[in-house]
Protein chains: 2
Amino acid sequence: MPARTRRGEVGVVDLARELGVSTATVSRALNGSAQVRPELARRIRDHARDRGYVANRHARALSSNSSRAFVGFVIPYVDTPAYSAVAAQCARLLSADGTQMILTITENDPRRELDQIRDLVATRVAGMVVSPSTGILAGTRELLRELPVVQFHRSCGIDAPGVYSDDTALGDAVTRLVDLGHRRIGYIGPSRAISNGAARLAAVRDGAAAAGLDPDSLAVRLLEPATDQGAGAVRELLHRADRPTALVVGGGTLSLAVARAVRASGLRLPGDLSLVVYGDPAWFALHDPPLSVVSIDYPELARRAARLLLDRIGGDSSGDVLLTSELHIGGSTGPPPPGA
Amino acid sequence: MPARTRRGEVGVVDLARELGVSTATVSRALNGSAQVRPELARRIRDHARDRGYVANRHARALSSNSSRAFVGFVIPYVDTPAYSAVAAQCARLLSADGTQMILTITENDPRRELDQIRDLVATRVAGMVVSPSTGILAGTRELLRELPVVQFHRSCGIDAPGVYSDDTALGDAVTRLVDLGHRRIGYIGPSRAISNGAARLAAVRDGAAAAGLDPDSLAVRLLEPATDQGAGAVRELLHRADRPTALVVGGGTLSLAVARAVRASGLRLPGDLSLVVYGDPAWFALHDPPLSVVSIDYPELARRAARLLLDRIGGDSSGDVLLTSELHIGGSTGPPPPGA
DNA sequence: GTGAAAGCGCTAACAG
DNA sequence: CTGTTAGCGCTTTCAC
């Protein structure tokens with residue numbers, strides 16, 4: 001044991017002794033209980049500050065079996081801003097509330113997910129934001145039932161509100177492409193096993209239907225998110241005899257991979273192929289021409305998640321939040337090539 | 001109080017009673033103390049598992065005044081992968097150790113930083129990784145002296161090991177540019193008030209000197225990181241009569257801004273201007289031509305930070321880790337324009 | 001309004 | 001090897 005022995009920490013007992021009052025009074029004063037003579041309360045608080053008193057959160061959490069001292073944030077992946085940046089943003093917002101955020105990564109592994117969520121429960125977190133893994137276990141659902149939970153990006157069918165992106169902009173993209181004259185449109189997106197994968201595919205199909213194109217005519221390739229197998233899908237799609245004249249991508253990591261593969265294919269945008277990707281327009285604007293992008297406001301997503309969680313911990317039972325995605329038209333969308 | 005009353009949690013006392021042993025024995029068995037009859041230990045563990053026992057981390061932390069149950073991770077910004085992705089990655093690695101990571105964001109505000117670090121101390125974290133704010137307060141340094149700390153990206157001169165990127169590749173970039181014939185080279189990087197800003201500037205100057213170019217002849221613009229004021233700096237540099245024939249950027253967020261501004265300027269790369277940016281080559285490869293990039297291996301950085309922290313908590317006093325950055329030559333670097 | 005005392009759930013001496 | 005007994009530092013009845 002590397003022994004951080006007893007440091008010279010001051011505790012409530014010290015404060016109480018030094019002020020000639022009881023620990024109960026100190027505690028009350030420090031927690032703003034109205035039932036302490038204001039004058040005394042102020043003296044206690046001042047003294048606490050002077051002595052550099054910092055309450056031990058474990059003792060506090062242990063004693064008052066409820067506190068919003070900690071919350072959990074559970075995400076599957078680390079290497080996409082859709083998760084890690086939103087998590088960080090959320091930590092920022094929660095800290096304003098004096099709440100510490102414990103971040104855990106499941107790597108989309110149901111087993112780890114269960115372990116981590118169990119550990120969070122063991123920490124008596126006041127609640128948690130969770131982006132469920134694809135094959136969430138029954139035991140995990142069970143655990144989640146026991147405390148305030150907010151789902152995020154993905155839903156796993158438990159009775160908890162969530163913050164999701166409404167990906168209709170993907171549908172708008174398809175509609176727009178059809179309007180431009182495209183008939184053979186490819187879609188590469190995350191697996192439908194993930195709730196948002198399913199939602200995005202649905203949006204794309206709806207967009208086609210809305211423009212009068214048979215959704216079943218779409219060339220669809222669904223992949224695990226956060227893999228760069230997008231390249232393979234692109235090559236496959238573009239080497240068909242009736243290759244699509246337009247491609248829509250429904251995921252951030254996939255989009256990067258697809259953009260690179262398309263670039264490698266030598267096709268001209270938008271002359272030979274139209275392309276709409278998913279993610280941060282600022283980055284995709286590096287491309288020449290700037291890519292048309294479906295984007296979602298991550299900071300806002302984080303804000304809503306944080307607020308929803310705090311509401312829920314506070315007992316308010318709010319409903320889902322659906323954040324509208326936006327279609328930014330760049331230079332990569334145009335009419336299909338004449339011969340097509 | 002939103003009252004998560006007493007849920008039907010099982011505790012050591014329950015296990016002890018049900019098994020007809022003492023809580024001490026249960027505790028020992030559960031913590032793998034060798035001084036329990038193996039047969040009994042196994043029975044206890046099995047029973048604990050069957051009952052779905054999960055130890056209350058607060059009680060544990062409170063009792064054994066040392067534990068690696070929690071660590072802190074303190075970063076200034078949320079919107080750059082240099083921080084948020086590394087933090088997430090670190091959380092992933094630490095969880096394998098059963099350690100929960102509390103993430104906090106200072107927004108580079110010394111006051112918040114102090115508050116947050118004080119709160120982490122109040123949580124009795126076993127240690128923390130911290131990327132200090134620019135104007136860190138004396139009180140904060142004081143606090144950091146009291147527990148195992150690993151510095152990250154930035155150093156604040158306390159006596160704690162750190163994980164840094166060795167940005168000599170920035171110097172290599174400059175050397176290379178000089179070798180290509182460039183004499184007027186601009187550098188846009190993070191303020192020297194930040195330790196890594198200073199280090200990068202030094203690397204750039206060293207690179208110039210190594211190639212026989214007077215470091216003082218560099219056109220240097222230092223900015224706050226994570227702002228997009230890069231655009232202004234670019235316009236200013238490129239509108240001078242003796243505008244640089246090459247530009248090197250020493251920060252991720254700055255790089256994006258600079259790349260966009262250069263693009264807007266209409267200058268051809270590398271014909272009119274050579275450009276070397278800082279960040280993820282995969283993203284900057286979207287640019288046409290693909291930008292030459294100085295990059296650093298963030299996952300590895302996270303790995304080293306996690307390991308260093310655990311070592312340090314374990315009592316090992318290891319030294320700094322310097323991770324070598326790499327220069328990826330893309331298509332944005334070439335000889336200066338003939339007339340220059 | 002304030003104090004005394006009983007825990008929160010666990011670990012760690014100290015005995016046996 | 002195992003049980004008894006104190007706490008860890010705080011909150012919270014319950015009296016006064």
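Every chain is numbered from 1 and lettered A, B, ... according to where its sequence line falls, protein lines coming before strand lines. All heavy atoms count here, side chains included; hydrogens, waters and symmetry mates do not.
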In whole angstroms, how far is the [atom2] atom of [N] from the [atom1] atom of [X]?
| X | N | atom1 | atom2 | answer |
| --- | --- | --- | --- | --- |
| A/L62 | D/dC8 | CG | P | 13 Å |
| A/N31 | D/dT13 | CG | P | 13 Å |
| B/R124 | C/dT11 | CZ | C1' | 16 Å |
| B/D14 | C/dC8 | CG | P | 11 Å |
| A/R60 | D/dC8 | CZ | P | 18 Å |
| A/H58 | C/dG7 | NE2 | P | 24 Å |
| B/E39 | D/dC1 | CD | P | 13 Å |
| A/N56 | C/dG9 | CG | P | 16 Å |

Between [options], which one does the side chain of [X] approach most closely?
| X | options | answer |
| --- | --- | --- |
| B/S64 | C/dT11, D/dT2, D/dT12 | C/dT11 |
| B/T23 | D/dT5, D/dC10, D/dT2 | D/dT5 |
| A/Q35 | D/dT11, C/dT2, C/dC10 | C/dT2 |
| A/S22 | C/dA12, C/dG3, D/dC10 | C/dG3 |
| A/A24 | C/dG3, D/dT2, D/dC8 | C/dG3 |

Next on the checklist: For C/dG1 and A/R37 - does any side-chain N or O of the residue sit under 4.0 Å from the phosphate oxygens OP1/OP2?
Outcome noted: no
Checklist entry - Think B/S27 has a side-chain N or O under 4.0 angstrom from the OP1 or OP2 of C/dC10? => result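 No, B/S27 has no side-chain N/O under 4.0 Å of OP1/OP2 on C/dC10.
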With side chains defined as the heavy atoms from C-beta onward, is the minimum distance between [X] and [Y] less than 4.5 Å?
| X | Y | value |
| --- | --- | --- |
| B/Q100 | A/L120 | yes |
| A/V150 | A/P148 | no |
| B/L40 | B/V21 | yes |

Next on the checklist: Once hydrogens and angles are ignored, does a donor-acceptor distance under 3.5 Å link the base of D/dG7 to the side chain of B/S63?
Outcome noted: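 In this structure, the two groups form a donor-acceptor pair.
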Checklist entry - Can you find a donor-acceptor pair, distance only, under 3.5 Å between B/R28 side chain and D/dG3 base? => result yes
Next on the checklist: Salt bridge check, A/R112 against A/D115: does any charged N sit closer than 4.0 Å to a carboxylate O?
Outcome noted: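 Judged by the 4.0 Å cut-off on N to carboxylate O distance, A/D115 and A/R112 do not form a salt bridge.
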Checklist entry - Do the ring centers of A/H58 and B/F70 come within less than 6.0 Å of each other? => result yes
